Every structure is written in structure tokens, then in C-alpha cells.
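These numbers come from a predicted model, not from an experiment. Numbered from 1 within each chain, the chains take letters A, B, ... in sequence-line order.
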Amino acid sequence: MQTELSSLHFLNDLNKEQSEAVTLNDQSALILAGAGSGKTRVLTSRISWLIHNQITSPGSILAVTFTNKAAKEMMLRITSQLPINTRGMWVGTFHGLCNRFLRTHHQDAHLPETFQILDSQDQLSAIKRLMRSSNIDEENFPPREVQYFINANKEIGLRSQNVKTYDAHTSKINEIYLNYEKQCQKEGVVDFAELLLRCYELFKKNQPILEHYQDRFKHILIDEFQDTSELQYKWIKLLVGQNNSVFAVGDDDQSIYSFRGARVSNMKDLQKDFHIKKVIKLEQNYRSKNNILNAANAIINNNDNRLGKKLWTAAGDGDLIRKYVGLSDYDESNFIIDEIKQLHRSGLNYNQIAILYRSNAQSRVIEHAIVSNNIPYRVFGGLRFFERAEIKNALAYLRLITNKSDDNAFLRIINFPTRGIGAKSIEQIQDISKKNNASLWHGAIEFKSPTSNTQKKGIPYFVDLIKTIEDEIHGLTISESIEIIIERSGLKNHYLKEKDNIDRLANLSELISAAVTFTETSDVEEPTINLIEFLNYTSLESGELQASSNEDALQLMTIHSAKGLEFDAVFITGLEDGLCPHEQSLAEQNGLEEERRLMYVAVTRAKMKLYLTLAQSRMLHGQTRYNLPSRFLDEIPDELIKAINTTKKIDLIPSPRKTQTNYLSDKYTWKIGSSIQHPKFGQGIVTGYEGHEDDLRIQIKFANHGTKWLAMEYAKLSEA
DNA sequence: GTACTCGTCATTTTT
DNA sequence: TGACGAGTAC
């Protein structure tokens, strides 16, 4: 076996720890894989190794990821490593896999065969609809809060009847949760969290089904394990059972999603629950230069409760990290653009340069600077393809035809494009449906309209329209069906009428192409099933537009969305206390540690060059704010940093903004935004003032002593 | 049914 | 500052 091992090309060049992980026996394992340490490679090589050595067959492997992108990447790598048929292998996201289990066992899961998936938007509108029909005040019970409540409880495995409530308000919300469950059941739809919970319950309540899968999946592998939620962990435990092994890869230092239910503690629980004696640590980094890694290590070292890990590289020190303190957000952006122009001139592609920020609002100023310099760029985040209104509208026709109980879909298109059905008519339909405890579609059929349907208007016309489309698309491919829907529904005409809607029409064509691609890659023959699967696909796959990714453009994104990516040069911007760490995170339990992990993720994205930038003043929510430098900057050893502007004398620089020309007085040279030094309170920033000359009092925000008012006459201030 | 105004509220996000 | 939703006016 040894000789054969070394002949396997996918095992070549693995370091000691990597190959130890890849070639582990049939035992559960936790691989602590630092940023850039070859995590995905280990995971895929492990699968290839298991199969190649006939320890297991592809059909016994279940691999779970968090995103479709990661799942695809994994599949791609495995097929390039091994010339095998991977069809029996289950590789997918938690949601995708749960969907698959539920489809197969829809009866045992008490779901209709045609059940559809609600995305977050759909879920919110379902909740709003429910609340309106039961006359619940949206002021007292904001639908978003209700949505959060429902999801948070589902994510820890709680149904409404199991939720403990201690006050009237929460009880009421929980009552909405109960009714929401009923409504979804009646309409035959499941939300994202429901996919997981329902699947968990399926396994829990049906021993034969559980045993069947436990017998089948001998090797369960999990990517980004630090991001698993409580329910996901319980699901894994159930499926692994007593006899199978779990191979989890993760990095506790990169856990940045606790706000949506991720539980790092699952890593410790895994060791305990599966008797893992030795955690394999992958600490050699193949991405970044040493100065960058040292900064990352220094930052993350300030966190308690780590599993412990120190990245190193053989790649050399590289450049120093560059730090720039801008006078304003505007100045900061200009510095970034100037620097990027130079990098580009020296031969770096734009798409190898990333500008990262903590919150989306920060991108605007930067975008402005980019646009005025005519540099191509791409902002990540925002609306995804299948979330666009025109796409959802077209799909809603398809959904309603597939499942007449889908009231969400019904309401979306009953009067879109407008066909003279107003709020009153819809109310009447809702009344009829409620009386008969039936779907809105049935209510519409029952509806006796005074208007004729010759004018292409009114409810009977709508009912006819749906029936006609249904007949017409019978037996057609999905793409043909969509084409007919876009035409017959009037969507095409509607969007043709308005000039601003060229993009929308283009997107609808794109939807048709997406359907063609889907059908080509699908191995399902039955058209009805295929249609249902396509609809699922559109809910589960957000459809990040890949088309423009080849284009050489600057990459702008939040630190969160940068996780898993790498760039030659990275600018981490807005490094100010209040922004990064974000002020709202400080109130949360372990909030600062999570922010620090965020900073760690950001730093470790950089391969060659890292820039840290901040601004002394910044426009936020329509007000100029004066933030102190981020505390994380102080955590990086000085010798790793090269300050580009030796803290400019703020007064000497002509200011681009009016507010900064407000000198406090003739006697003192400080202005709002100046850094000062106080003998007792240390470093601070001038944030306001009142009075004049001898009476002058100034407000100072100190790094460690809060905000204070001081009389200029007595305070012994000096410039910092 | 649409076009406007006004008030409110501003982390991070995949499925 | 500016995006979005609700409410109002036509």
C-alpha cells in the first residue's frame, strides 16, 4: 500500500499534517485548518484517497458544505483527482442535501410531493400576509422580528409548542410562529430553516429511514465546520450514529457567523462526542507572506477560548504592511485609488486587488472615487439573480401552476402585470378562501365577478389565463414553458413599455438560458419532477452572476463575503473603532472576539500586499463622525507596519470638507477631528466645543476614558 | 393604479 | 446621506 500511496498524484506535495489527515483510518477526526492551509485540498484528497484505496465506495460518501459554490468546487476537484463515477456520492449544502432527503421521503416527512422552498423574501411576505389576516399590529410586532424569532427557534430545533415563553409579547410572537407553521403546511411550502428541521425530525422519528442512511453513508465529511449551527450539528450526530465516522474541517478563528446561528462550540463538542483524541492542525500557510501572517497571528492571539494555532510560511517576509490615516473618508478613498493605480501600473491586475470594508454603507465613498477615476470595479453583495423581482414574478406563474396552494405565488402575480384587480377584489377572494379553508386559487375560481373577461381584465380572466398557460406548457421543456409564461402573462409587454426596463427583459432572457442549462445537466427524465426540481434550484441557488468574473475589475466587498477568497493586494478600510470593531457588536456577548476574528479573516486574505486604512472623520448617517483608530491596529507589532503619512498636522492641510475648517479659536490650533494627548486620559479626538477663547471648553473622545468636556484653560493638552 | 411625499432607520448573510 | 415603506393625492 505504501508504494501505491506515493504513486497517487493527489497525494504529492502534501505536507506532513495534510497527509496525516488525508490518510487517517476509519475514525472521526477534527482538522483545524488555518487560513490558506490547503483545507479544501485536504478534504477532496481525503475523499479521493478513501475511494482509491477501496476503503469505501463513492456511494458511501456524504460531504457537506455551506455554499453551492464550495460544493461545486469540491466536486470539480474530486473528478480531476480520480477518474471515477461520482454519481453515487452525495456532495452538497446542508439545505440541498436535506431537500434531497425530504423529496425522497416526502410522505414520511408529511409534505406534498410538489413542496416548494421559500427564500427569506418569500418567508417574510408569508409572515406579513399571515399577520394581516389575523389583524396583528405590525408596529408592536415587526414582521422582521417575527421572522427572526421563527428562524432562531427552528435553528435550535424548537417547534412553537416547545418554545418556552415568559411574557405576553413573546407568547404572542410564538402564537404567530404556530400559525405560520400551519399556513406553510397548508400551502405546501417550507422555508430554509424548515428544510433542516424537517429533515432532522424525519430521521429522528423514523428509525428505519435513519438506519438506512446510517448504513449507507459510512463517511461524512464537513467543510467550514465552525459555521455549523446547533441543529446542523444535531443532524450530523444523528446521521453519523455509532458506527460511522465524521471528518470535520474548520477554523475556530474564522468563525464570523454567530449572528446567524453558527456555534463554534460545536468544535469542542465534536471532540467530546466522537472521542477525538488528536486534533490535526494545519498551520503551514501557502497564501501570504510572513509579515502578513505575523500580523494576523498577533491580532488573533488576543482572543481567549481558542483551540490554538499559529500560522507560518516558508514564503519569506514580504513587504511591510502599509498604514494610511486619511483626514476624511474622502481622503482615504483617494489614497486607495492612487495606490491602486500604481499597483496596476506595476503590473497587477485589478481583479487581484480587493477593497474590504466592515459594512456595505462604506462602499459608497470608495465607489465614487473609483468611478471618477474610470477604473473597472465590481461590488459583491446585493440582489442576486433569482432574487430579482422580474425573475420572481415569472417564476411565480410557474410556481402557481405547479402548486395551486402556493398563496405567496398567487398574490405576487394576481395583479401583476396589472389587470384591474385591486385590493378589494383580493380581499373578497381571501374571504371566500378563508370560509372554505381553501387556497386563494380556489377562492378565485369561486369568485363571481361582475366584470366580463373579454377586456383581459378581472379575476375570471386571470383564472382562465393560468389554466390556458398550464394547458399550453404541458409536455414542454422548462425553458419553453418560461418563454410562454413571459409572453402570455403580459410580463414581456409590461417591461417593454418602460424604458428603464431593458435590464429586466435581459434578465428574463437570462432566466430562459438558465432553464436550458438546468435541463441539460439534469438527469431526471420526468418533466413534472424536473420542473419542481428547477423551482427548487432557483430557491436554493441564489445565482451569483458568474459572467463578469473574468473581467479585470477591482473587487469590492464586505469582510464577511471575502471569507474563502484571496488576493495579491488587499485594502482593509475604515479601521476605526465603531466601524471595525463595529459599535453594535460591542454590546453583544463575545462580540469583540468575533470582530477580532473578522479582522483576522480580512488580514489573511492578502497574499503579497496589505494596506490598512482609516479616516479621522467620516460621513455616516448624514453626520460627520470622528472615530478613534481601531483597537485592532494597536494589536499589530509596530515593526510590521509602515506608516505612509506620519500623522499629518490636520490644520496644515486644506480640507475638502467645510466642517473641518471650524477652528476652535484663534488661540488654539485644534479643530474638530484633531488628535490630542492628555497627561492623564491619554489619546483622544476633539469632537466638539463650546464657548470662546478663555471660556473655551472642548469635548474630547478618549480612547480609554470615554467622552469628556474639558476647559481649555486648565487642561494640559498637547498634539498627538 | 400610480406618482408623489413624508418619516424612519440604518452590521455582518447563505440557504 | 439616502433607501425604503407607508400613506396620500390625483
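- The phosphate of B:dT15 (OP1 or OP2) has no side-chain N or O of A:N536 nearer than 4.0 angstrom.
- In this structure, A:E224 places its CD atom 13 Å from P of B:dT14, rounding to the nearest Å.
- For A:T418, the side-chain atoms get nearest to B:dT2 when compared with the rest of B:dT2, C:dA3, B:dT11.
- Atom pair A:M557:CE and B:dT12:P shows a separation of 15 Å (rounding to whole Å applied).
- If you check C:dA3, B:dT11, B:dT13 against the side chain of A:H560, the one that comes closest is B:dT13.
- Geometric assessment of A:R144 against the ring of A:Y148 yields a negative cation-pi assignment under the 6.0 Å and 45° thresholds.
- With rounding to the nearest 0.5 Å, the separation of CG in A:L540 from CD1 in A:I117 is 4.0 Å.
- Backbone-only contact: A:I421 has heavy atoms under 4.0 Å from sugar-phosphate atoms and none from a base.
- Checking side-chain atoms of A:N507 against main-chain N and O of A:E510 turns up no donor-acceptor pair under 3.5 Å.
- When rounded to the nearest whole Å, the span between CG of A:D227 and P of B:dT12 equals 17 Å.
- An OP1 or OP2 oxygen of B:dT12 is reached within less than 4.0 angstrom by a side-chain nitrogen or oxygen of A:N360.
- Nucleic acid contact class of A:Q123 (heavy atoms, under 4.0 Å, all strands): none.
- Counting any heavy atom pair closer than 4.0 Å across all strands shown, A:F94 reaches no nucleic acid atom.
- At B:dT11, none of the side-chain N or O atoms of A:R260 fall inside 4.0 Å of OP1 or OP2 (strictly under the cut-off).
- With centres under 5.5 Å and a plane angle under 30°, the ring of A:F259 is stacked against the base of B:dT12.
- In this structure, A:R159 fails the cation-pi test against A:Y177, since its NZ or CZ atom is not both closer than 6.0 Å to the six-membered ring centre and inside 45 degrees of the ring normal.
- Distances were taken from every side-chain heavy atom of A:H95 (C-beta onward) to each of B:dT15, C:dA6, B:dT12; the shortest belongs to B:dT15.
- In this structure, A:N68 does not reach the B:dT14 phosphate: none of its side-chain N or O atoms is under 4.0 Å from OP1 or OP2.
- Closest contact between the side chain of A:M619 and the listed nucleotides C:dT1, C:dA6, B:dT11 involves C:dT1.
- Position along DNA chain B of the nearest nucleotide to A:E594 versus A:R419 favours A:R419 as the more 5'-ward residue.
- The A:S585 side chain lies nearest to B:dT11 when the options are B:dT13, B:dT11, B:dT15.
- Considering only side-chain atoms of A:L540, the nucleotide from B:dT13, B:dT15, B:dT11 that sits closest is B:dT15.
- Using a 4.0 Å heavy-atom criterion, one finds that A:Q232 contacts no nucleic acid atom at all.
- Here A:D191 lies out of heavy-atom contact (under 4.0 Å) with every strand.
- Judged by distance alone, the side chain of A:T573 and the main-chain N or O of A:L356 form a donor-acceptor pair under 3.5 Å.
- Distance CD (A:Q362) to P (C:dG2): 16 Å, rounded to an integer number of Å.
- Judged by distance alone with a 3.5 Å cut-off, a donor-acceptor contact links the side chain of A:S120 to the base of B:dT15.
- Between C:dC4 and B:dT13, the distance separating the two P atoms is 16 Å to the nearest Å.
- In this structure B:dT12 sits in the anti conformation; its chi angle is more than 90° from 0.
- Between the CD atom of A:E138 and the P atom of B:dG7 there is a distance of 20 Å, rounded to whole Å.
- Distance, A:N151 CG to B:dT13 C1': 12 Å, rounded to whole Å.
- Spacing between atom NZ of A:K563 and atom P of B:dT15 amounts to 12 Å, rounded to whole angstrom units.
- Tested against A:E576, the residues A:T613, A:D329, A:N627 include a single side-chain contact (heavy atoms from CB on, under 4.5 Å) partner, A:N627.
- The structure places CD of A:E332 at 11.0 Å from CD of A:Q616, a figure rounded to the nearest 0.5 Å.
- A residue-by-residue look at A:T558 and A:G422 shows that A:G422 has its nearest nucleotide of DNA chain B further toward the 5' end.
- We find that CZ of A:F101 is positioned 17 Å from C1' of B:dT15, with the value rounded to whole Å.
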